[in-house]
Amino acid sequence: MYSSKRMLNYPFNRARFGRSRITSQEEAFYLCFSLECLKGIGKDGSIKSNKELWEYSKSEKPASPISYKAYSHLRHKNWVVRSGLQYGVDFIAYRHLPALIHSEYAVLVLSKGDNELNGRLRVWSDVHCTVRLCGSAAKTLLVLFVDSNSQGTSSPSCLEHCTVEEETITRWNPEQSRDDQTSLRNQTK
């Protein structure tokens, strides 16, 4: 569905540190819509508009508008974003190129409000399992709440009205807490 317009200018190809294939719909749409360095091509060989690509993404994945907003939010903050499937989350975020550094955040995307798109973290055991998995993988869980502000998702222009709230969730470390208490006692003596 997507083809390259200026793939040689894509930074990961020049640096030879990353990969040159696109692995998610969010990444492909980001390259088409935001960076304008990729064009979508249909089965008939015609170039598809951003609106047509948007509709295709929504038909394949109903939560794609929310997911795309979270993806673009992280990319605008200069994070390198990859699939988080192996960690049970939506994305993982790297501070630098993935070949140079481990990812820092495991990112979970939730739609603000109570709707059918929020299937995760509804019960405490889900939160506990996700945080524990992230802790064992040396990642901090970053939950992004995307609020559409009662705007429809009929076109990519609805993204301008969406807001994203970030929350980090980490496990309580009793050793770290004891050290903090000990240092406080020593400072007061």
Side-chain angles (χ1 to χ4, degrees), residues 1-40 50-51 53-54 57-58 60-61 63-112 117-118 120-121 130-131 133-149 151 153 155-171:
M1 183 80 183
Y2 299 95
S3 77
S4 174
K5 180 179 175 185
R6 296 179 298 185
M7 194 51 114
L8 293 177
N9 291 331
Y10 193 60
F12 294 135
N13 284 346
R14 284 187 280 140
R16 298 279 187 227
F17 289 117
R19 77 234 179 325
S20 60
R21 58 183 194 229
I22 298 167
T23 58
S24 71
Q25 285 184 354
E26 294 85 5
E27 182 179 12
F29 191 74
Y30 182 81
L31 294 173
C32 290
F33 182 69
S34 296
L35 298 183
E36 298 178 356
C37 65
L38 194 71
K39 293 289 180 191
N50 286 337
K51 173 86 168 144
L53 295 174
W54 180 258
S57 293
K58 286 191 340 181
E60 292 291 312
K61 181 180 171 185
S64 65
I66 301 299
S67 186
Y68 173 75
K69 180 60 180 179
Y71 179 89
S72 64
H73 174 78
L74 293 169
R75 288 291 302 261
H76 286 301
K77 289 186 161 206
N78 292 324
W79 288 93
V80 178
V81 184
R82 297 289 178 256
S83 171
L85 189 60
Q86 66 191 32
Y87 300 106
V89 294
D90 295 305
F91 304 114
I92 51 176
Y94 296 86
R95 188 173 299 278
H96 299 291
L97 294 173
L100 300 177
I101 194 168
H102 290 285
S103 60
E104 190 168 331
Y105 290 106
V107 182
L108 195 60
V109 180
L110 298 175
S111 173
K112 197 163 189 178
L117 298 178
N118 288 341
R120 298 179 284 184
L121 301 186
T130 305
V131 170
L133 177 66
C134 291
S136 67
K139 292 174 187 6
T140 300
L141 178 62
L142 175 64
V143 181
L144 297 180
F145 295 97
V146 180
D147 188 355
S148 63
N149 294 316
Q151 300 292 320
T153 59
S155 71
S157 63
C158 73
L159 297 169
E160 297 170 7
H161 304 289
C162 292
T163 57
V164 179
E165 292 179 22
E166 302 175 356
E167 293 287 332
T168 57
I169 303 174
T170 57
R171 287 182 71 193

For this session: Check P156 against N50 and note the closest heavy-atom contact, atom names and distance.
Result: CG-O, 4.1 Å

For this session: For L74 and Y105, run side-chain contact (heavy atoms from CB on, under 4.5 Å): C-alpha distance rounded to whole Å, both residues' side-chain angles, the deciding distance at 0.1 Å, then the answer.
Result: CA-CA 11 Å; L74 293 169; Y105 290 106; over 6 Å; no

For this session: Enumerate the residue pairs fulfilling salt bridge (Lys or Arg N to Asp or Glu O under 4.0 Å) with a member in residues 136-149, sequence neighbours excluded, ordered by first and then second residue.
Result: none

Problem set entry | Test of ring centre spacing under 6.0 Å for W79 and F91 | no

Problem set entry | Residue I101 excluded, over 12 heavy atoms near CD1 under 6.0 Å | yes

Problem set entry | E167 atom CD, over 12 foreign heavy atoms within 6.0 Å | no

For this session: Working to the nearest 0.5 Å, report the span between CD of E27 and CG of L35.
Result: 10.0 Å

Exercise. Any ion pair linking R75 and E26 (charged N to carboxylate O, less than 4.0 Å)?
Worked result: no

For this session: State whether a side-chain donor-acceptor pair under 3.5 Å links S24 with Y30.
Result: no

Problem set entry | More than 12 heavy atoms from other groups under 6.0 Å of CD on E160 | no

For this session: Evaluate the ring planes of W54 and F29, with Trp represented by its six-membered ring, and classify them as parallel (under 30°), tilted (30 to 60°) or perpendicular (over 60°).
Result: tilted

Problem set entry | Flag, side chain of S72 to backbone of Y68, donor-acceptor distance under 3.5 Å | yes

Problem set entry | Residue that, paired with V107, satisfies side chain to side chain contact (heavy atoms under 4.5 Å, CB included) out of L144, D90, V89 | L144

Exercise. When rounded to the nearest 0.5 angstrom, what distance separates CG in L142 from CD1 in I92?
Worked result: 13.0 Å

For this session: Any chance you could measure S148, atom OG, to K69, atom NZ, to the nearest 0.5 Å?
Result: 11.5 Å

Problem set entry | Over 12 foreign heavy atoms within 6.0 Å of NE2, H102 | no

Problem set entry | Atom pair NE2 (H73) and SG (C162), whose distance is rounded to the nearest 0.5 Å | 12.0 Å

Exercise. Looking only at heavy atoms, which two atoms of G40 and L53 are closest? And how far apart?
Worked result: CA-CD2, 4.0 Å

Exercise. Y94 and H96: which non-hydrogen atoms are nearest, and at how many Å?
Worked result: CB-O, 3.1 Å

Exercise. Among S57, P65, S64, whose side chain to side chain contact (heavy atoms under 4.5 Å, CB included) with K61 holds?
Worked result: S64

